[in-house]
Structures are given as structure tokens and as C-alpha cells.
Amino acid sequence: MDGVALGLRPPAVAQELPTLGEAGAEDFLTKPVDLVELAVRVRNLLRLKEYVDLLADQNRLLEAQVQERTVQLRASHIETIVTLSLAAEYKDEETRGHVKRISRYTKELALALGYGAPFAEMMFHASPMHDIGKIGIPDHLLLKPGGFTTLEWNVMKSHTTVGFELLRRGTTPLMQLGAEIALSHHEHWDGSGYPNAWKDEQIPISARIMNISDQYDALRSRRPHKEPMDHAATCAVILQGDGRTLPEHFDPRILETFSRIAGKFEEIFEAQHD
């Protein structure tokens, strides 16, 4: 060979004679080698290696800082969501634990349905926004102990569209999922729900999961117009119906899954009941 290859890494093993670049060489000296030139070339290569290592360290540091900032922003975003969700429930002391339980119900149900941890985690954080539209409902209706007139019921039902309007301009996946749930969580599988009378697969899966979770918690909780039910009575209403709530209201696959994991719903309610 008529020269000496200088490099920063060992040459690659190949069947054919590699080029200098493929072999890992960064420089080349012809024979006879000039020792002064060799020393200069080696020093420059060592300096280049130092710069390459420094750049790699800086990139790793920047990546770590970006990841840390992303975590902080996500935590801040979730904190804002929780605060907004609690604001919607603040006027009614009996429902303040509702948003905490809803998060856990929907997560458990999503996992049991096989949707995976990422979607289940999204449901955990987005589902508390389902009733955020109640911010726009007058207190005398939210806290009314008796039944509603037709006009009053129409106003109450508007919390779905109010919530959607509040959230739909959000640009994050969590806000978009929250808007979807807020609009559709009172739709029924058989088309008897509101506000759009959607049925079957027209209803987003997030809202179908939310619907049965919300119904379970509503039946178990004290409300201005009703006393709470125990777990067994609540499951009987959801699975068999009571005239007002019917099994046909729920996605059959979700209803079957709920029946299998209803014990987890009971555990969540008892742990978060306040």
C-alpha cells in the first residue's frame, strides 16, 4: 500500500476492498511519511474527535432538557384540565368526588376493552371534562330537587353543546378528546340520547365508555332529586333496565365488559366516595 490511513474508528469488514471512507479513515498520508505532517494530522484528528464528543454531549443535554420541559408542560396542562373540571362540579358538594371516580372508571374500562395503556391514560385525563358545560347552566336548575319542565330539561341538556364549544378550539389531543366526550357522553347506542340522537358507531368510543361510567356513578351518588343506590342495585339497573335506563342505551360490547369488571367500579367508588 502506498499510503497510511488515519481514522477515528476501525475499518469495516467487507468482502471487497473498501474505500477509505467506508473503512473508517478520515485522512490519508502518502509514503514516505513526513513526521511533522503526521503529528499535525493526528493532532487535528484528536481535536475533531473532541469536538464530535462535545457536540454529542450537548445534544444529549438538550434532549434531556426538552423532555423535562415537555413533562412540565403536560403536568401544567393536566392541572388546568382538573381545575376546569372541578369548577363545573363546585356548586354541588355531592358531586365533587365524581370527576375523580370518572377518571378511574374510564381508564379501567378502556383497558378491559383492550384499547391499551396510551388511550386509557388519555381517557383518565380527558373524561373529567365531560360536564364542563355545566358552568353555563343556571344554579337553580343544577340544584333543583324536583323534576324539570320541558324548557328546563332542554336547558340542562345544553351542557353537552356548551362544553363542546368551550373545548373544541383546544389544539392538544387531550382537549380534542375532552370536546368529543363533552358533546357525546349522553348519546345512546339505540339513538335515544342527546344532543344529536347518534346511534351505534356514530358515537365515538370515548363517549360510549364515558356514558356507562357516568351512569354508574350517577346512580350510586346522591343528587338533589334522588337518593343513592348501592352497587348491586346500580348494576341491576344498568344490565337489566328500570324503564328510564335500559341496556339498549349502551354499546353491547362495553355492557358485557362492564359486567365482567363491575367489581372494580365498586372498589373505585368506595375508595373515592366523599
| said: With clusters defined by side-chain heavy atoms of hydrophobic residues (ILVMFWY) lying less than 4.5 Å apart, directly or transitively, does Ile261 cluster with Phe124? | reply: no
| message | Measuring from atom CD of Glu256 to atom CG of Leu239, what distance do you get when rounded to the nearest 0.5 angstrom? | response | 10.0 Å
| message | Between Arg104 and Glu108, does any side-chain N to carboxylate O distance fall below 4.0 Å? | response | no
| message | Below 30° counts as parallel, above 60° as perpendicular, anything between as tilted: where do the rings of Phe258 and Phe265 land? | response | perpendicular
| message | If you define the side chain from C-beta out and look only at heavy atoms, does anything of His231 sit under 4.5 Å from Glu267? | response | no
| task | With rounding to the nearest 0.5 Å, note down the distance linking OG in Ser213 to CD1 in Ile238. | result | 9.0 Å
| field | Glu266 side chain near Tyr216 side chain, heavy-atom distance below 4.5 Å | value | yes
| said: Are Tyr115 and Met123 packed together at the side-chain level, in the sense that at least one heavy-atom pair is separated by less than 4.5 angstrom? | reply: no
| query | Going hydrophobic residue to hydrophobic residue with side-chain gaps under 4.5 angstrom, can you get from Ile102 over to Phe119? | reply | yes
| message | Tell me if a side-chain donor or acceptor on Asn211 pairs with a main-chain N or O of His186 at a distance below 3.5 Å. | response | no
| message | When you compare the side chain of Glu152 with that of Val155, does any pair of heavy atoms fall below 4.5 Å? | response | no
| field | Arg244 CZ: over 12 foreign heavy atoms closer than 6.0 Å | value | no
| field | Pairs involving residues 179-199, ordered by first then second residue, that meet salt bridge (Lys or Arg N to Asp or Glu O under 4.0 Å) (sequence neighbours left out) | value | none
| Say you draw a straight line from NE2 of His188 to CZ of Phe250; how long is it, rounded to the nearest 0.5 Å? | 6.5 Å
| Transitive ILVMFWY side-chain link Met210 to Phe164, under 4.5 Å | no
| remark: Rounded to the nearest 0.5 Å, the SG atom of Cys235 sits from the CZ atom of Arg220 at a distance of 8.0 Å
| query | Ile137 and Leu142: which non-hydrogen atoms are nearest, and at how many Å? | reply | O-CD1, 3.7 Å
| message | Any non-hydrogen side-chain atom of Met129 less than 4.5 Å from a side-chain atom of Met175? | response | yes
| Does the side chain of Trp189 reach to within under 4.5 Å of the side chain of Leu255, using non-hydrogen atoms? | no
| task | Go through the structure and list residues passing side-chain hydrogen bond (donor to acceptor under 3.5 Å, both in side chains) with Gln240, not counting sequence neighbours. | result | none
| Taking the inter-plane angle between the rings of Tyr194 and His159 on a 0 to 90° scale, is it parallel (under 30°), tilted (30 to 60°) or perpendicular (over 60°)? | perpendicular
| Just how far is it from atom OG1 of Thr161 to atom CG of Leu166, taken to the nearest 0.5 Å? | 10.0 Å
| Same cluster for Ile268 and Val237 if Ile/Leu/Val/Met/Phe/Trp/Tyr side chains link at under 4.5 Å? | yes
| field | Heavy-atom closest pair, residues Val162 and Gly133 | value | CG1-O, 3.6 Å
| Does any N or O in the side chain of Gln176 come within less than 3.5 Å of the main-chain N or O of Arg168, such that one atom is a donor and the other an acceptor? | yes
| task | Kindly work out whether a path of hydrophobic side-chain contacts (I/L/V/M/F/W/Y, heavy atoms less than 4.5 Å apart) joins Leu111 to Leu177. | result | no
| task | For Thr106 and Ser103, indicate whether the former's side chain and the latter's backbone hold a donor-acceptor pair under 3.5 Å. | result | yes
| Is there side-chain contact between Phe148 and Met156, with heavy atoms separated by less than 4.5 Å? | yes
| query | Between atom CD1 of Ile209 and atom CD1 of Ile181, what is the distance when rounded to the nearest 0.5 Å? | reply | 8.5 Å
| request: Could you check if a side-chain atom of Leu183 sits within less than 4.5 angstrom of a side-chain atom of Asn196, using non-hydrogen atoms only? | output: yes
| request: Work out which heavy atom in His125 is nearest to a heavy atom in Pro128; give both atom names and the distance. | output: O-CD, 3.4 Å
| task | Specify the closest pair of heavy atoms between Arg260 and Ala112, including all atoms of both residues, with the distance to one decimal. | result | NH2-O, 3.9 Å
| query | So, does Thr234 use its side chain to make a donor-acceptor pair with the main chain of Asp230 at under 3.5 Å? | reply | yes
| task | Identify the two heavy atoms, one from Ala126 and one from Gly178, that lie closest to each other, and give their separation to 0.1 Å. | result | CB-N, 4.0 Å
| Qualifying residue, where the test is salt bridge (charged side-chain N to carboxylate O under 4.0 Å, His left out) with Arg208 and the options are Asp251, Asp200, Asp214 | Asp251
| task | Would you confirm whether His185, through its side chain, and Ala182, through its main-chain N or O, come within 3.5 Å as a donor-acceptor pair? | result | yes
| request: Taking side-chain hydrogen bond (donor to acceptor under 3.5 Å, both in side chains) as the test, write out the residues that go with His249, two or more places apart. | output: none
| query | Are the side chain of Lys264 and the backbone N or O of Tyr105 linked by a donor-acceptor pair below 3.5 Å? | reply | no
| query | Taking atom NZ of Lys157 as the centre, does the number of heavy atoms from other residues, nucleotides or ligands within less than 6.0 Å exceed 12? | reply | yes
